[in-house]
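Here the structure is a predicted model, which is why all the values come from computation and not from measurement. Residue numbers count from 1 along this sequence.
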Amino acid sequence: MNERRPYPSDLSDARWELIEPVLTAWRFERRGRALDFGRPPQHELREIMNAILYVDRTGVQWRYLPHDFPPWETVYGYFAKWQKEGVFAQLNGLLRELVRKKEGRNAEPSACVIDAQSVKTSTSVPATSQGTDAGKKIVGRKRSIVTDTLGLLLAVLVTAASVQDSVAGTQLLDQVAAGHPGIRKVWVDGGYRQHLVEHAATLGIDMEIVTRTPGTRGFTPIPKRWTVERTYGWLMLHRRLARDYETLPTRSEAMIHLAMTDLMARRLTGEATVSWRDPTSLDQIRITG
């Protein structure tokens, strides 16, 4: 690796040790499919991941990557391949199991929470993948996520903001039931319809709709559901997610998986995450359960 001044988003040795086996195995398997193993790689995987994390943390455009990283075309190429081949989702699943074990939980959860967030999009996002959230008056996309009771990501789906929560929730429930068969309980808010409760029942999952107490004003944590709302707060520490900039919804999902991977790796190594709103030593937070 060429010597350069590190950026705050760079992987520490401890965090790189957590994700290196997955990326190394990916490169070995990919080179094994090529004749004579193809050309030797020109860039280290750690630097590629550092560059991708830089984009996710700072929100910079790919073309504006600092020149001491590998060429932006190379970095974006790796990002696209890792998204398409499920590497970010794999890293997310691996680190989630490690965090759960560290917290004294079973590797697989038995309960989860679903919530949705509508965000504005940039001018680079095709109009065909956008919509209007009539309730929140937002033109853009909707991020629907499923987390365990620690707030760790289980599944994510990015759609047009016009897609009903229950429609996205149906797809997410199917993903969760297939990927996490031990799930038996899920909490949602009042935006999810009764037919989703019935769909959950067919999957052997008890869905409970948790609503705000009538007359409540201002922000008030809602029982059972506050963990997923906190997860959205964690994700917003990654400036790329403050707005949806990705041309493809699947790339938006990859950015969310990447942000959660970064957060969990820091949690496992005990490293602080500095808020981009005021990146000083007094404004460091630790992601805790």
Return yes if a side-chain donor-acceptor contact under 3.5 Å exists between Glu271 and Thr269, otherwise no. yes
Is Arg46 close to Asn50 at the side-chain level, that is, under 4.5 Å between some pair of heavy atoms? yes
Are side-chain heavy atoms of Asp56 and Asp262 found at a separation under 4.5 Å? no
Does the side chain of Ile48 reach to within under 4.5 Å of the side chain of Pro70, using non-hydrogen atoms? yes
Can you see which heavy atom on His257 is nearest to which on Val156, and at what distance? CE1-CG1, 3.5 Å
May I ask you to check whether Ser129 and Arg141 show a side-chain donor-acceptor distance below 3.5 Å? yes
Quick check: closest heavy atoms across Tyr245 and Val125, and the distance to 0.1 Å? C-CG2, 4.1 Å
Whichever hydrophobic residues join Val188 through chains of side-chain contacts under 4.5 Å: Ile114, Val146, Leu154, Leu157, Leu172, Leu173, Val176, Ile183, Val186, Tyr192, Leu196, Val197, Leu203, Ile205, Met207, Ile209
Go through the side-chain N and O atoms of Arg251 and Tyr76 and say whether any donor and acceptor fall under 3.5 Å apart. yes
When you compare the side chains of His180 and Asp148, does any donor N or O come within less than 3.5 Å of an acceptor on the partner? no
Please tell me whether Arg27 and Tyr78 have a donor and an acceptor in their side chains that are separated by less than 3.5 angstrom. yes
Within the 3.5 Å criterion, strictly below it, is a donor on Thr121 or Asp244 matched to an acceptor on the partner's side chain? no
